[in-house]
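Here's the structure, in structure tokens; my notes come after.
Predicted model, so just to flag it, every value in this text is computed and none were measured.
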Amino acid sequence: MKAIVIAPRGKMGKVIIAAASREPEREIIASLGPARRDYIGNDTGLISGLGEALGAPAVDGLERVLGDCELTSATSTRAPCRPVPPAALQ
């Protein structure tokens, strides 16, 4: 199952990345972070503290990777919700 992890540097994002990386039937294909963060474009495994590259880039827009995804993670936050990208509604 191909997955996108939201907030790869957050507490839950790190836990999800570590757990999914140990499951052979799961493949993290990308992670999603806020625009202009210093880690956008870098490998999800490395920025999350996993200690190994996963070949999954950190992106700041779901449109770039949503078509390849079968699952997304979502964790709670105190930040206000943002509008859902049109690509996610298709």
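- The CG atom of Asp38 sits 5.0 Å away from atom CZ of Arg9, with the distance rounded to the nearest 0.5 Å.
- Residues Val5 and Leu32 fail the side-chain proximity criterion, which asks for heavy atoms closer than 4.5 Å.
- To the nearest 0.5 Å, atoms CG (Leu50) and CD1 (Ile17) are separated by 7.5 Å.
- Note that CD1 of Ile29 and CG of Leu54 are 12.0 Å apart. Values are rounded to the nearest 0.5 Å.
- Here Lys11 contributes atom NZ and Ile16 contributes atom CD1; the two are 14.0 Å apart, rounded to the nearest 0.5 Å.
- Val59 and Tyr39 are not part of a single hydrophobic cluster, where members link through side-chain heavy atoms under 4.5 Å apart.
- Between atom CZ of residue Arg26 and atom OG of residue Ser21 there is a gap of 11.5 Å, rounded to the nearest 0.5 Å.
- Rounded to the nearest 0.5 angstrom, Ser31 OG and Ile40 CD1 are separated by 7.0 Å.
- You'll find the side chain of Pro57 stays beyond 4.5 Å of the side chain of Asp43, heavy atoms only.
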